[in-house]
Student: 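My questions all concern the structure below.
In what follows, chains carry the letters A, B, and so on, assigned in the order in which the sequence lines appear, proteins first and then strands, with residues in each chain numbered from 1.
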Amino acid sequence: MRHKQNLVEFKIIRDRERCIQCEVCARQCAFEAHIFDADAREMESVDALCAGCQRCVSLCPTRALTVIKNPQEFRPDSYWTKNVLQGIYKQADTGGVLLSGMGTDKIYKSYWDRILLDASQVTNPSIDPLREPMELRTYLGAKPEKIELRSVGKTRKPRLAVKLAPQLRLETPIMFSAMSYGAISYNTITALARAAAKSGTFWNTGEGGFPKALYEYAPHTIVQVASGRFGVHSGYLNAASAVEIKIGQGAKPGIGGHLPGEKVSRLISETRMIPEGSDAISPAPHHDIYSIEDLAQLIGALKEATRYEKPISVKIAAVHNAAAIASGIVRAGADIVAIDGFRGGTGAAPTRIRDNVGIPIELALASVDERLRKEGIRHRASIVAGGGIRNSADVVKAIALGADAVYIATSALVAVGCHMCQKCYTGKCNWGIATQNDYLVKRLNPDIASERLSNLLKAWSREIKEMLGGMGIDAIESLRGNRLRLRAVDMTDTEMTILGIKPAGESL
Amino acid sequence: MCGIIGIINLDRRRFSGELIAKGLSHLKDRGNGLGSGYAGYGIYPDNPDDWCFHIFFTSEDARLKTEQRLDAAFKVTKKEPLPVKPMTSVKRPPLIWRYFLKIPAIRPTSTGSAEEREKKYIFALVMEINSSGEGAFVASSGKNMGIFKGVGFPDEMAEFYRLDEYRATAWTAHNRFPTNTPGWWGGAHPFGLAELSLVHNGEISSFGINKRYLESFGYHLALQTDSEAILYLFDFLTRIHRLPLEIAAVALTPPHWEIIDCLPPDEKKLYTALRMIYASCLINGPSALVLGFDSGMMGLNDRIKLRPLVAAESKSFAYISSEESGIVAVAREKLKKIRHPAAGEPVIFKYRPTKNQIKPVTNRDGSKTGGHQS
C-alpha cells in the first residue's frame with residue numbers, strides 16, 4: 001500500500017556498459033539503495049531507498065551512475081503539489097510527525113538576493129587590498145559607551161583607566177555556528193575546532209558537550225548551555241572562550257531537540273553526561289527560564305561561574321518580536337546576541353515547523369540593530385547573525401545591516417562534503433558528517449576537512465576584502481551598520497523601511 | 001577634490017582676511033566655483049563674550065520665525081544684516097544676518113562646568129533651528145568667531161563678505177568641488193558648531209555608520225554631508241566624552257591593527273580600546289581636514305593618506321594646506337619645518353602662552369576661558 005501511493009523521489013540511472021560490478025556503490029550507500037544481485041551477477045539499485053546524496057555518483061570509479069529527480073509526477077496541480085500529497089501519504093501510513101534535516105527548502109523571498117552593494121568611483125577611490133591593509137578584525141562583547149582615561153607620568157600620557165568587559169577576538173567576522181557532537185560526528189567537530197583555531201575564529205559545541213580531547217582548541221571554542229543542560233559542568237564552562245545560552249534555533253523556533261538513544265555512544269554519553277543508549281531530550285523551553293528575569297539570572301549565574309572572564313551570548317530564533325526580545329536580552333546582561341534566521345539548518349526538525357515558523361534573518365537583524373541603537377544600548381552587546389549565510393556577499397550584507405559577525409553551519413558542512421540530502425536525522429549520512437556509525441564516520445578525514453574549512457574562510461575573507469576595498473573601506477567597522485552602502489531591488493517600501501535601505505537608483 | 005588651508009598666528013596677533021583669501025585663491029584649481037568659505041577666530045573683539053550666530057535665511061518669514069526662537073532662548077545684544085558687497089557674479093545669496101547673543105542664567109540642573117552647559121545650550125539651539133525646516137541655517141555659532149561661506153570662487157566670496165575688513169588670530173578656508181551634494185550656501189565649508197569649525201577635502205566611505213552613530217546621540221545632520229558628520233564627531237568626542245583632541249583624532253583615524261599590535265602593552269590596550277569603543281567614529285576613505293577651535297587648529301589626514309596635506313611653521317605663524325603653493329604664497333616670514341604629515345597623524349598648532357596679550361583679544365586667553373582643548 002505505502003509504496004504504491006508514494007512516488008519515489010529519485011531515479012538511479014546505471015550505465016550498464018560502464019558498470020564493472022565493483023560494488024563501491026553498495027558499500028558507500030548506508031541507505032542500501034544499491035545491492036549486488038549474486039544470481040544475476042549484476043549491480044541493482046532500489047530507487048525508493050535513494051536519498052539523493054550523490055555519494056555513489058561521486059565515488060563510482062567508472063562514472064557509471066547518475067541520480068536524477070524522478071520525472072514521474074502525480075496529476076499536475078499547482079495547489080495540491082507533489083510535496084503536499086507525499087506528506088499526506090506518509091502521515092497516513094505512519095501517523096507520525098514529518099521530519100526533515102537542514103534548513104527549509106521552500107521558495108521564500110531571499111532578501112540577500114535583492115540587496116546590492118555599492119562601490120567607489122572617482123571621488124572616493126576604491127582601495128586595493130593587495131596594496132593596503134584591509135582589516136577584518138572584530139571584537140565581540142560588551143563595550144562601554146565611552147572610554148575612561150587617566151594620565152600617567154610627567155608627560156601626562158593618557159592610559160586606559162578601566163578594564164573592559166571580556167571580548168572574543170575574531171580575525172575574520174565569520175564563526176562556525178552551534179552543531180552538537182551527536183548531531184554530527186566526532187571527526188566533523190574536530191575539523192571545525194581545528195579550522196577555527198587556524199583561522200582565528202570560533203566554533204560552537206552546540207549542546208553536545210565538549211570532549212576533553214578537544215580542550216586544546218578551547219581558546220577558539222564557544223560552549224553552549226541549552227535546555228537539556230547536557231555536558232554542562234564547571235570545567236566545561238571555564239574551558240571555553242565564551243558561553244552561549246541557546247534559547248532557540250532558526251530551523252525550529254519554539255521547540256526543543258531529540259537525540260535518539262541509538263546515537264548515544266560511549267563517548268557521547270561521556271560528553272553529554274547521560275547513560276549510554278538513552279535518549280537525549282532537550283525540552284522546548286529551559287525549565288528554569290520562563291521570563292526575561294529568569295534569563296537575567298542564568299546570565300548572572302554563568303558570569304559568576306566563569307568569574308566574569310567570558311562573554312555570555314544568548315541565541316534566539318528570528319521571530320516576529322525579535323527586536324524587543326533582543327533588547328530585553330541586552331538589558332539582562334548578555335554580551336552577545338545571536339539571531340538565527342528561519343533558513344538556518346538543523347539535524348532534525350519537524351518539517352512543518354522548519355518550513356513555516358520564524359522570519360528571515362535579514363529582517364530580524366535589521367530590526368534588532370535599529371532597536372538597540374534607538375534605545376542607546378547597541379554598544380552593550382555584539383550582534384551575531386546566522387541562518388542561511390551562503391557566501392561572502394551575504395556576510396558583507398549582514399554586516400552592513402548591522403551584524404558584528406555571522407555564524408555559518410550549513411555552508412561549513414557543505415565545505416566538508418554535505419550534499420544537502422536532508423536526511424541528517426536518519427544517522428545514515430554517507431558523507432560521514434551527520435552520523436555516529438563508525439564505518440561512516442571514518443569517511444570524513446579531519447585533516448582534510450579542517451583544511452577545506454580553513455580554505456572556505458580564507459576565500460570568503462579575501463572576497464570580503466575585495467568588496468570592502470571596492471567600497472573604499474579598509475576596516476570592517478566602517479561597514480558595520482553602514483546601510484547607506486546597500487540598495488534594494490524588487491522590494492516593497494515597507495520591506496525597505498524595515499531593512500533601513502534605499503531603492504537602487506536613489507543616491508545618497 | 002577640494003582645497004583647504006589654515007593660517008594661525010601663534011602669538012595671537014590678528015591679521016587681515018585678505019591673507020587667507022590670497023592663500024585659498026592659490027588653490028583655485030581644486031574647486032569649481034560651487035562653494036568657498038572662511039572661518040575667522042578673534043574677529044569680534046568688541047563682543048568677545050557673546051555667542052555670535054551667522055544665519056542664512058531663505059526668506060524674511062524664515063528670519064522672523066527664527067528670531068522668535070532666538071528671542072525666547074537668548075538675550076539678543078545686537079542683530080544686523082551681515083555686511084556684504086552685492087556682486088553680479090554672486091547669484092541668489094540668502095539673507096544673511098548676524099546676532100550677538102547672551103545665554104540667560106542656565107538652570108543648574110545639568111551637569112558640567114558653566115562653559116559645558118553653555119555649549120550644550122548652543123548645541124540644542126543650533127540643532128533645533130537647522131532641523132526646523134523653517135528655511136534657516138546656522139552657519140556659525142561660536143564666540144568671537146564667524147564663518148563666511150557661500151556659492152562662488154574663493155576670491156568672489158572674500159569680496160562678497162568684505163573679508164578684508166576682518167582681522168583674526170586664525171583663519172581656515174575651503175574651496176569646494178562638490179561631489180555628493182549640490183553646491184548651495186549652507187553646504188559650503190567651513191562647517192561650524194559652537195567654537196569648532198571644519199574644512200574638509202574628501203568623501204568618507206563610512207558616512208552611513210558615522211551618521212547613525214551621531215543620530216543616536218541627538219545630532220541632526222541638516223546637510224547630509226560627510227564633512228558635517230566629521231565636525232559633529234569632533235564635537236561629540238571632545239565636548240560630550242571630554243577626550244583630549246589628540247585622542248579624538250586617534251578615534252577618528254586610528255592606526256592599523258598591525259601597528260597597534262606592536263605597541264608597548266599600555267598603549268596597545270588604549271588603542272585597542274579606542275578602536276573597539278569608537279568603531280563607529282572611524283572615518284574611512286579619503287580625508288584631509290583642518291579643524292579650528294578656541295585655542296588653535298589641527299590638521300588631520302585619513303588612515304592611508306588619500307588626500308594631500310602640508311604643514312609649515314615660521315617664526316610666528318603656522319600653516320596647514322592642501323598644497324604647499326598656498327603656504328608659500330602667503331608666508332610673510334621665512335618658512336621652516338615644511339612637512340607632510342603621515343596618514344592619521346594629527347598636526348596641532350596652539351597659541352603660545354602669552355605674557356603681553358595684544359588687546360583686545362584677551363578673550364582667547366586659554367586660562368580665562370578654560371577651553372577643554374587647551
Student: Are the side chain of R212(B) and the backbone of G481(A) linked by a donor-acceptor contact shorter than 3.5 Å?
Tutor: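 Flag set: sc R212(B) to bb G481(A) pair under 3.5 Å.
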Student: Does a salt bridge link R303(B) with E135(A), judged by any charged N lying under 4.0 Å from a carboxylate O?
Tutor: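 Result for this pair is yes, salt bridge flagged.
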Student: Applying a heavy-atom distance below 4.5 Å, give me the residues of residues 469-476 of chain A that approach chain B, sorted by number.
Tutor: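 Within residues 469-476 of chain A, the residues under 4.5 Å from chain B are M471(A), G472(A), I473(A), D474(A), A475(A).
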Student: Donor-acceptor check, side chain of R373(A) to backbone of E215(B), threshold 3.5 angstrom: yes or no?
Tutor: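 Judged by distance alone, no pair lies under 3.5 Å.
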Student: Just to be sure I understand the criterion: a residue of residues 153-160 of chain A counts if one of its heavy atoms is under 4.5 Å from a heavy atom of chain B. Which ones qualify?
Tutor: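 Hits under 4.5 Å: P158(A), R159(A), L160(A).
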Student: Does some side-chain heavy atom of P286(B) sit less than 4.5 Å from a side-chain heavy atom of P125(A)?
Tutor: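 Yes, side chains in contact.
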Student: Measure the shortest side-chain to side-chain distance between I277(B) and H379(A) over non-hydrogen atoms and say whether it is less than 4.5 angstrom.
Tutor: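 No - every pair of side-chain heavy atoms lies 4.5 Å or more apart.
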Student: So which pairs with a foot in residues 143-164 of chain A pass ring-ring contact (aromatic ring centres under 6.0 Å, His included), sequence neighbours left out?
Tutor: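 Matches after skipping sequence neighbours: none remain.
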Student: Do you know which of D118(A), N124(A), L484(A) has the most heavy-atom pairs under 4.5 Å to chain B?
Tutor: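 Option with the top pair count is N124(A).
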Student: If we only count heavy atoms from C-beta on, is the R275(B) to R137(A) side-chain gap below 4.5 Å?
Tutor: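 Counting from C-beta outward, R275(B) and R137(A) never come under 4.5 Å.
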Student: Find the distance between OG (S206(B)) and CZ (R480(A)) and round it off to the nearest 0.5 Å.
Tutor: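 CZ of R480(A) is found 12.5 Å from OG of S206(B).
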Student: How about residues 361-370 of chain A versus chain B: which residues have heavy atoms under 4.5 Å apart?
Tutor: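 Listed by number: D369(A), E370(A).
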